[in-house]
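As structure tokens, the structure follows; a few thoughts come after it.
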Amino acid sequence: MKRINAGKLRAIGYDARERQLRVEFDDGTAIDYAGVGAEVWRKLSTSGSAWSYYRDNIEEEYTGKPGRVRKEADRKALEDLFRAPDDPA
């Protein structure tokens, strides 16, 4: 995931193999979009106005599935659980 601060967007991520885009918002919600091409991801992730690009080219063009963003504490707990015993991080 790439952290951003553009409009209501807080993070974006892309799985090229699955052609899936994940967009996370400032209210803790997320939307997963299937069938998104690499060029759309490239343009979104490099846009100087990611919020506008998202609204104009993704929100209206793709059907998304809603999701929730894990809280940072939950994310850290999972990272700690799966960290190797000798990893000092």
Side-chain angles (χ1 to χ4, degrees):
M1 295 296 293
K2 177 180 178 179
R3 299 282 171 214
I4 63 172
N5 189 12
K8 295 181 180 183
L9 297 178
R10 292 300 168 259
I12 54 176
Y14 184 68
D15 181 334
R17 188 173 52 86
E18 298 291 327
R19 294 176 42 106
Q20 183 166 328
L21 173 70
R22 181 172 182 91
V23 179
E24 297 180 356
F25 300 94
D26 60 1
D27 65 357
T29 61
I31 300 178
D32 296 317
Y33 296 95
V36 177
E39 183 66 11
V40 172
W41 162 249
R42 186 190 66 75
K43 288 180 179 178
L44 173 65
S45 65
T46 60
S47 174
S49 183
W51 177 244
S52 293
Y53 185 86
Y54 165 75
R55 297 286 310 253
D56 294 342
N57 299 283
I58 297 167
E59 185 178 49
E60 295 178 5
E61 299 295 324
Y62 297 91
T63 302
K65 291 175 53 178
R68 294 284 304 162
V69 177
R70 288 191 185 272
K71 294 179 182 171
E72 192 62 36
D74 293 342
R75 193 174 292 162
K76 182 173 178 353
L78 282 175
E79 288 172 0
D80 289 346
L81 179 63
F82 291 103
R83 181 175 292 119
D86 59 343
D87 184 359

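This is a predicted model, so every value here is computed, not measured. Computation of the quantities below employed the complete heavy-atom set of this structure, encompassing side-chain atoms and omitting hydrogens, waters and symmetry-equivalent molecules.
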Salt-bridge criterion met for R22 and D32 (N-O under 4.0 Å): yes
Could you list the donor-acceptor pairs under 3.5 angstrom formed by side chains in residues 50-61, with sequence neighbours left out?
{"residue": "S52", "atom": "OG", "partner": "S49", "partner atom": "OG", "Å": "3.1"}
{"residue": "Y54", "atom": "OH", "partner": "Y33", "partner atom": "OH", "Å": "2.6"}
{"residue": "R55", "atom": "NE", "partner": "E59", "partner atom": "OE1", "Å": "2.6"}
{"residue": "N57", "atom": "ND2", "partner": "Y53", "partner atom": "O", "Å": "3.2"}

Distance, nearest 0.5 Å, that separates CD1 of I4 from CZ of R10: 8.0 Å
Rounded to the nearest 0.5 Å, what's the gap from CG on L9 to NZ on K2? Could you check? 11.5 Å
Measure the shortest side-chain to side-chain distance between L21 and L44 over non-hydrogen atoms and say whether it is less than 4.5 angstrom. yes
Can you tell me if T29 uses its side chain to pair, donor with acceptor, with the backbone of F25 under 3.5 Å? no
Passes side chain to side chain contact (heavy atoms under 4.5 Å, CB included), E24 versus R3? Steps please. CA-CA 9 Å; E24 297 180 356; R3 299 282 171 214; 3.4 Å; yes
